[in-house]
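Notes follow once the structure below has been shown.
Predicted model, so just to flag it, every value in this text is computed and none were measured.
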Amino acid sequence: MLERGPELAAAAHAVDELVAGAAAGGPAQGGILVYRGEPGIGKTALLAEIRRTAQDRCTVLTARGGETLTSVPFHLTRQLLQPALDPFGAEDVHHLFGEHFDLLAPALGLAPPPSAAPADPQGVLLGLARLLERLAERLRDRPPVLLVDDAHWADAESLAWLDAFTRIRRDRRLPVLVVLAHRPLPPEPCEPGAPATLAALGDRAVLTLGLHALTTEATTALARDALGGHADEPFCQELWTVTSGNPYETVELLAKARDRMVEPVAGSAGLLRDLGAAARGGGLVSRLEELGAGPTRVARAIAVLDADSTPELLAELTGLSPGDVADHTDRLRDARIVQTRPAAPDSATDSLEFTHPLIATAVYGSIPPATRTALHGRAAWALTEAGHGPAAASRHLLEVHPDDDEDVVTQLRAAAVEHLAVGAPDAARRCLGRALAEPPRPETYARVLYELGCASLLTAPGATVRHLRSALELPGLDDALRIDATHRLAQALAHDNQLQEAARTAGAAAARTPSGIGRRRLQAAHFMFEGFQASEEDGPGRSRRLAELTEHFTCADNSERALVAVRAFDGMMRGEPADEVVRLCDRTLVDGVPARGLGWTDTTWGFEIPALTGIAYAFSDRPDRAQALFGEAVRAFEISGWSGAHLAFAHTLLGLVHRRRGNLPLAQHHLEEGLRLADRVGTGLPVHWDTACLLVDTLLARGRTAEAREVADRYAFGPPWPGAIVLPDGPSVLGRLLLAEGRTEEAVSTLEAAAESLIGRGRHHGVWAPWPFDLARALAPKDPDRAARIATEAHVHAEHLGTPTALGESLRCLSLFADPDESRRLLTRAVEHLAASPARYEEARARLDLAHATGSAATLAEATSLAAACGADTLTADP
């Protein structure tokens, strides 16, 4: 620890703050502390010293990345969390996991991977982050300190977990102290991967320290401590020159000088260069080979097995007897090449590890390529025979040369299933990509492509499109898989903002598919993705074909229910009678809930089907039924660990319900939560458009125009519009924002563009797309005749729709163009309709207009009281 005073002081201060904060019961005082330095600079020794000084007051959890373990998902996470959970009983462990034991335990190796659908990666990461938070709360009397060595070799999933956990607090204070040690990063690690994640973690660190080489003074002190106080200056200067002040190389070189009984005087300085060469790279390998063939074989096996280097597996890999393995291990230990690694919590056997990562790198790199490949193949076989499972063997199979071996393909496919089950799709894709290189037999090849496409569905839609298209061009998929592959291809195209191609793909496949459930599944996708497009050539014709197809459906199975749900949503958008839309929605449900197989987390049909039903309810003045559906969506997604875009969309839908009911503060809460969740997933997602649109509309209703503009700018809400429709109609809401800002000409232009697009598609729902009411008001001062025509036509459509909300809003707009007596009559009718609707905010506005028109103090009091209850803080009696 020579010349490490500032680094140790920083760690001591961080530990003191963590312990003090935990003892006081106040805000968390942890955070991230980062040490960066070249190989051998002393990172491992520094972490060991931090562990020694913190372990009396803290729960110290340690992990180390491994050069050959970067492809093992959650390897580092398991090292950290398994020992922390080990002291707890089964009941306490389940309590710490909450409702998500089945989701999270497989990722930590505490339960076998489930055979159910793949786990949501975002849900697993956030679930593990919450687990660490709860663990920190339980360990408040001994708060956790996480020491992560060689973080540059951490697996991607573990780094993503640490990244997710450390984003919990914006003030950078965490309930634990995370200490990361890793090698220097590239100057600009912008590409996704370990360097980029480590850079992000470093940006959130309370302190980042670079470790520097030892000075000549420190090198001299080490030399005199190791070889005697008579070590002279020329000898010590040469020692520093040979090692460049690298602590690891300095200590190793001094140990060799002591072993060779080198006299530490000027005359011996020349020997240091030869001895120093043996302390690094090829010299390390030469030193190993001097021990003999047996120790070399064992060391190579340890380099390949890494964390799995138990005596039993070493014997299998080397072909040596257990006794010989033990003898050779002792020689390696005496030569300071290997040491014992404590047994993992789920193992009763200690394993071996190299005393320093530099040795591991040198030994692994020295293995001839053909020998290394053979060792990996044998390691995969040994792990499988020992019952470690396909996932454990897969990292070795990734290193084996393709050899047309169907057994390897089978193992890699099984490993991919396990990786997907623990929320590691990238690991699954590596396995399936390697399986394709084997290659599989012709009859299996298309299935592997299909599995590879499915593994990329939510995280890499572009890759999914390529793989599924390739799979569909080959023989090998039966009819059911071909339909499923086509449906998933259409979903991936839609997620990749290629709605037109998604609809075309599903429609073309449906035309080639015999009548039945499979064909109806493709037809549902075809009509749904056509209807989602912001523009199409023949919207009314598509609606007519959909109505004709579903006219005689009895909803006897899920394929008919799905198509009827699409039909209900389309009817709502067109402004068809709400009673008929509600009747269609009711038919898609069984006892008021989605049918079995059509639920929110069902992967066959997707979450879109129940979402369409609920949205149609919400805009048909049945937000009560929509709220029941959307509340179940939140619950289902949370239980299943779908904590990414799915859960964000569920909160958006709840925000829609509360906006329609006039509970503006609650609507704002859910919409802001939806954006928060969506922001964790990425940028520019479809859910961002819908949520930002609804939040802008809600903030405008609350009179918070500046906040609405801030949201619009933050999420680029405006042209160019996405290829999909926005909920509610985006241009209509943007026009409303521009009017609130006094930008009338821009608002009129925006609302006119909305009108042209929607009228051409036959979409006349004045609540989903309220452009007529705002455009009429904007045009009234300068072009009252045109404004009156727009308002009158909107009322005709509202009468056809038949909801109290639409009727009330249209009458309120018409009142602008009537004489005073007629205006009062229209406003009275508007209030009556809106009082019978669920739309409390719109009712408050109508009552306010009526109070202004009549001068009634009682009506004004009712209006302002209702507005306050809605959270419309600035809605007043002013004209």
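Across all their heavy atoms, L654 and G631 have their closest contact at CD2-N, 3.9 Å. Of all heavy-atom pairs between V581 and S620, the closest is CG1-OG, 3.5 Å. Residues A798 and A806 come closest through the heavy atom pair CB-O, 3.5 Å. The two residues S543 and D570 have their closest heavy-atom pair at OG-OD2, 2.7 Å. Across all their heavy atoms, A701 and Y841 have their closest contact at O-CE1, 3.3 Å. Residues V634 and A650 share a closest heavy-atom pair of CG2-CB, 3.6 Å.
When side chains are defined from C-beta on, L468 counts as touching Y450, because their heavy atoms get closer than 4.5 Å. Under the 4.5 Å side-chain criterion, counting only non-hydrogen atoms from C-beta, T652 is not in contact with F630. Between D624 and R622, the closest side-chain pair of non-hydrogen atoms falls below 4.5 Å. Between V726 and V733, the closest side-chain pair of non-hydrogen atoms is not below 4.5 Å. Looking only at side-chain heavy atoms (C-beta outward), R680 and L126 come within less than 4.5 Å of each other. Residues I639 and T601 form no side-chain contact, since every pair of their non-hydrogen atoms from C-beta on lies 4.5 Å or further apart. Looking only at side-chain heavy atoms (C-beta outward), S732 and D697 stay at 4.5 Å or farther from each other. Annotation: side chain of I609 is in contact with side chain of V566 (closest heavy-atom distance under 4.5 Å).
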Apply side-chain contact (heavy atoms from CB on, under 4.5 Å) to the pair T603 and R488, showing each step before the final yes or no. CA-CA 9 Å; T603 56; R488 291 174 186 269; 4.2 Å; yes

Show the numbers, then the answer: is there a side-chain contact (heavy atoms from CB on, under 4.5 Å) between E707 and Q668? CA-CA 11 Å; E707 291 180 43; Q668 181 178 343; 4.3 Å; yes

R714 vs V711, test: side-chain contact (heavy atoms from CB on, under 4.5 Å). Steps then yes/no. CA-CA 5 Å; R714 188 189 321 149; V711 170; 4.3 Å; yes

For L758 and H764: C-alpha separation, side-chain torsions, deciding distance, then whether side-chain contact (heavy atoms from CB on, under 4.5 Å) applies. CA-CA 7 Å; L758 294 169; H764 303 288; over 6 Å; no

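Taken from CZ in R704 to OG1 in T698, the straight-line distance is 11.0 Å, to the nearest 0.5 Å. Atom CG of L664 sits about 10.5 Å away from atom CG of L671, to the nearest 0.5 Å. Summarising the geometry, atom CG belonging to D729 is positioned 8.0 Å from atom CE belonging to M573; distances are rounded to the nearest 0.5 Å. Atom OG1 of T613 is separated from atom CZ of R587 by 12.0 Å, given to the nearest 0.5 angstrom. Atom CG of D690 sits about 9.5 Å away from atom CG of L656, to the nearest 0.5 Å. The distance from atom CD1 of I483 to atom CZ of R512, rounded to the nearest 0.5 Å, is 11.0 Å.
Counting non-hydrogen atoms of neighbouring residues, nucleotides and ligands closer than 6.0 angstrom, the CG atom of D783 exceeds 12 such neighbours. Within 6.0 Å of CD on E793 lie no more than 12 heavy atoms contributed by other residues, nucleotides or ligands.
With respect to the salt-bridge test (charged N to carboxylate O, under 4.0 angstrom), the residues R521 and D484 qualify. Taking a cutoff of 4.0 Å between a charged side-chain nitrogen and a carboxylate oxygen, R430 and D426 do not qualify as a salt bridge. Using a cut-off of 4.0 Å between Lys/Arg side-chain N and Asp/Glu carboxylate O, R520 and D557 are scored as salt-bridged. A salt bridge is absent between R542 and D538: the closest approach of a Lys/Arg side-chain nitrogen to an acidic carboxylate oxygen does not fall below 4.0 angstrom. Using a 4.0 Å cut-off between charged side-chain N and carboxylate O, D713 and R709 make a salt bridge. In summary, R659 and E842 engage in a salt bridge, as defined by a charged side-chain N under 4.0 Å from a carboxylate O.
A donor-acceptor pair is defined here as one N or O able to donate and one able to accept, closer than 3.5 Å; no such pair exists between the side chain of Y715 and the backbone of T683. Panel note: side chain T588, backbone C585; a donor-acceptor pair is recorded below 3.5 Å. Not one N or O on the side chain of N558 forms a donor-acceptor pair closer than 3.5 Å with the backbone of R561. Put simply, the side chain of S757 never gets that close to the backbone of A753: no donor and acceptor are under 3.5 Å apart. Side chain of S810 to backbone of L807: a donor-acceptor contact under 3.5 angstrom is found. Using modelled atom types, one side-chain atom of R519 and one backbone atom of A510 make a donor-acceptor pair closer than 3.5 Å.
Classification of the F637-W600 ring pair by plane angle, with boundaries at 30° and 60°, yields perpendicular.
Looking at D621 and S837, their side chains never bring a donor and an acceptor atom within 3.5 Å of each other.
Of the residues E672, H669, H670, R676, the one that meets the side chain to side chain donor-acceptor pair (under 3.5 Å) test with H651 is H670. No option in E576, E548, E560, E551 other than E576 meets the salt bridge (charged side-chain N to carboxylate O under 4.0 Å, His left out) test with R567.
Residue pairs meeting the ring-ring contact (aromatic ring centres under 6.0 Å, His included) criterion with at least one member in residues 503-545, sequence neighbours excluded, do not occur.
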